[in-house]
J.: 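Could you have a look at this structure, given as structure tokens, before my questions?
FYI, the numbering just counts along the sequence from 1.
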Amino acid sequence: MNSLIIGAGETGVRAALKLREDGYAGTITLVNGEAHTPYERPPLSKSTGEPITLKPVSGADQLAASDVTLLTGERAHLINRTAKRVELESGATLPYDRLLIATGATPRALTLNGLAIPSAFTLRTYDDAIAIESRMLPGARFVIIGGGFIGLELAAMARAKGVDVTVIETQPRLLARAVPAEIATRLEQRHRDSGVTFHL
């Protein structure tokens, strides 16, 4: 029995380890599209005053000991459900009996007339975070689209480095789907006090 998991974030890693904990004896292959070992994403938008570093997903060091094959730097390209095979971008194919897709969501890229904007970034991966952090220079200007937790954390991180920050949120208030209005108002004021400009 072959179990294939596409996506080596926290969900993918924990699913692989849970299979072993529950006594699954078949092969488990974890496809990791990034060049890095599995890591946690929340710390990418949090400033500690130090350069951004990778924080391994809990249990990631147990994969080899649990007889889980980790394919790093391999991206799934095509799923053939009839043949039960996954084709990787490298051209290799992997058979499966059971398939779990644990890639998470992909943020929408900002484009202009259908073309990519070189100065527009999304924040989802460690490489994204490093690219953004490298541009956090005193006097730089950032526009952050999205006034959720990640956008606000990124705004705080940028302001701490002397960046001019504007946050654009389509909802009438920040964190509309996450916290009560009173808490959102306090968070907004705290960010305004630090110099963040908002367009709601």
Side-chain angles (χ1 to χ4, degrees), residues 1-48 50-111 114 116-118 120-134 145-146 148-151 153-154 157 177-178:
M1 182 74 72
N2 293 329
S3 288
L4 180 61
I5 301 173
I6 301 175
E10 190 150 357
T11 299
V13 170
R14 292 188 181 279
L17 296 177
K18 181 62 175 172
L19 283 171
R20 288 294 186 234
E21 290 172 10
D22 289 348
Y24 176 76
T27 63
I28 303 175
T29 302
L30 193 58
V31 178
N32 179 13
E34 296 186 54
H36 314 289
T37 55
Y39 61 89
E40 293 185 5
R41 297 187 189 277
L44 299 180
S45 60
K46 294 176 174 59
S47 175
T48 62
E50 300 292 332
I52 296 172
T53 56
L54 289 176
K55 181 180 180 182
V57 169
S58 177
D61 56 343
Q62 302 172 16
L63 292 174
S66 299
D67 194 24
V68 175
T69 300
L70 175 64
L71 300 180
T72 298
E74 290 278 12
R75 289 183 179 274
H77 173 66
L78 178 68
I79 299 173
N80 186 329
R81 296 174 60 191
T82 302
K84 288 194 171 183
R85 301 182 73 84
V86 170
E87 180 180 324
L88 305 179
E89 287 184 349
S90 64
T93 58
L94 301 173
Y96 68 85
D97 295 298
R98 294 289 185 270
L99 175 65
L100 172 64
I101 300 175
T103 53
T106 299
R108 288 181 292 178
L110 185 65
T111 61
I117 303 173
F121 298 84
T122 57
L123 176 57
R124 185 172 184 273
T125 69
Y126 173 73
D127 292 339
D128 292 340
I130 293 300
I132 293 170
E133 185 185 39
S134 70
I145 300 176
F149 284 117
I150 294 175
E153 288 169 354
L154 190 60
M157 184 176 173
R177 292 173 290 183

J.: Heavy-atom distance under 4.5 Å between the side chains of Ser58 and Arg14, does that happen here?
T.: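 Of all side-chain heavy-atom pairs linking Arg14 with Ser58, at least one is under 4.5 Å.
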J.: I'd like to know if the side chain of Asp97 reaches the main chain of Asn2, judged simply by a donor and an acceptor atom lying under 3.5 Å from each other, with no hydrogens or angles considered.
T.: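 Yes; judged by distance alone, with no hydrogens or angles, the pair exists.
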J.: Side chain of Tyr126, backbone of His36: donor and acceptor closer than 3.5 Å?
T.: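 Looks like no, no N/O pair under 3.5 Å.
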J.: Quick one, Asp67 and Arg20 - any side-chain contact, counting heavy atoms below 4.5 Å?
T.: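 Counting from C-beta outward, Asp67 and Arg20 do come under 4.5 Å.
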J.: Hey, mind stepping through Glu87 and Leu94 against side-chain contact (heavy atoms from CB on, under 4.5 Å) and telling me if it holds?
T.: CA-CA 6 Å; Glu87 180 180 324; Leu94 301 173; over 6 Å; no
J.: Say you draw a straight line from CG of Leu44 to CG of Leu54; how long is it, rounded to the nearest 0.5 Å?
T.: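 The CG atom of Leu54 is 7.5 Å from CG of Leu44, to the nearest 0.5 Å.
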J.: Roughly how far, to the nearest 0.5 Å, is the CD atom of Glu34 from the CG atom of Asp127?
T.: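 The CG atom of Asp127 sits 6.5 Å away from the CD atom of Glu34.
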J.: For Leu70 versus Pro38, what's the shortest heavy-atom pair and its separation?
T.: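 Result for this residue pair: CD2-CD, 3.8 Å.
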J.: Check whether any side-chain heavy atom of Val68 sits under 4.5 Å from a side-chain heavy atom of Ile5, and report yes or no.
T.: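 Counting from C-beta outward, Val68 and Ile5 never come under 4.5 Å.
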J.: Contact between Met157 and Ile52 at the side-chain level, heavy atoms closer than 4.5 Å - yes or no?
T.: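 Result yes, sub-4.5 Å side-chain heavy-atom pair found.
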J.: To the nearest 0.5 Å, tell me how far Leu99 CG sits from Arg85 CZ.
T.: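 Answer for the CG-CZ pair, Leu99 versus Arg85, is 13.0 Å.
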J.: If you compare all heavy atoms of Glu74 against all heavy atoms of Ser90, which two are closest, and at what distance to 0.1 Å?
T.: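 Here Glu74 and Ser90 meet closest at OE1-OG, 3.0 Å.
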J.: What are the two closest heavy atoms between Thr122 and Pro107, and how far apart are they?
T.: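 Looking at all heavy atoms of both residues, the shortest contact is CB-CG, 3.6 Å.
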J.: Is it the case that more than 12 heavy atoms not belonging to Ile101 sit under 6.0 Å from its CD1 atom?
T.: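 For Ile101, atom CD1 is not crowded (no more than 12 foreign heavy atoms under 6.0 Å).
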J.: Do other residues, nucleotides or ligands put more than 12 heavy atoms under 6.0 Å from the CD1 atom of Ile150?
T.: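 Counting other residues, nucleotides and ligands, CD1 of Ile150 stays at 12 neighbours or fewer.
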J.: Does some side-chain heavy atom of Phe121 sit less than 4.5 Å from a side-chain heavy atom of Asp128?
T.: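 No; the side chains remain at least 4.5 Å from each other.
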J.: Find the distance between CD (Gln62) and CD (Glu21) and round it off to the nearest 0.5 Å.
T.: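 Atom-to-atom, Gln62:CD and Glu21:CD are 7.5 Å apart.
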J.: Verify side-chain contact (heavy atoms from CB on, under 4.5 Å) between Tyr39 and Thr53, making sure each step is shown before the conclusion.
T.: CA-CA 10 Å; Tyr39 61 89; Thr53 56; over 6 Å; no
J.: Which distance, rounded to the nearest 0.5 Å, do you find between the OG1 of Thr103 and the CG of Asn32?
T.: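 So the gap between those two atoms works out to 12.0 Å.
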J.: Side-chain contact, heavy-atom cut-off 4.5 Å: Thr69 with Thr27?
T.: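 Not in contact.
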J.: Nearest 0.5 Å please: distance from the CD atom of Glu40 over to the CD atom of Glu10.
T.: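 Here the rounded value is 5.0 Å.
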J.: Quick one: does Ile79's side chain get under 4.5 Å of Ile6's, heavy atoms only?
T.: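 A side-chain contact exists here, since the closest heavy-atom pair is under 4.5 Å.
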J.: Using a 4.5 Å cut-off on heavy atoms from C-beta on, say whether the side chain of Val86 contacts that of Val31.
T.: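 They are not in contact (no side-chain heavy atoms under 4.5 Å apart), so the answer is no.
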J.: Identify the heavy atoms of Gly9 and Val57 that sit nearest to each other, and give their distance.
T.: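 What the structure gives for the nearest pair is C-CG2, 4.3 Å.
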J.: For Leu63 versus Ala16, what's the shortest heavy-atom pair and its separation?
T.: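 Closest pair (atom of Leu63, atom of Ala16, distance): CD2-CB, 4.5 Å.
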J.: Mind listing the closest non-hydrogen atom pair of Val13 and Ala8 along with its distance?
T.: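 Here Val13 and Ala8 meet closest at CG2-O, 3.7 Å.
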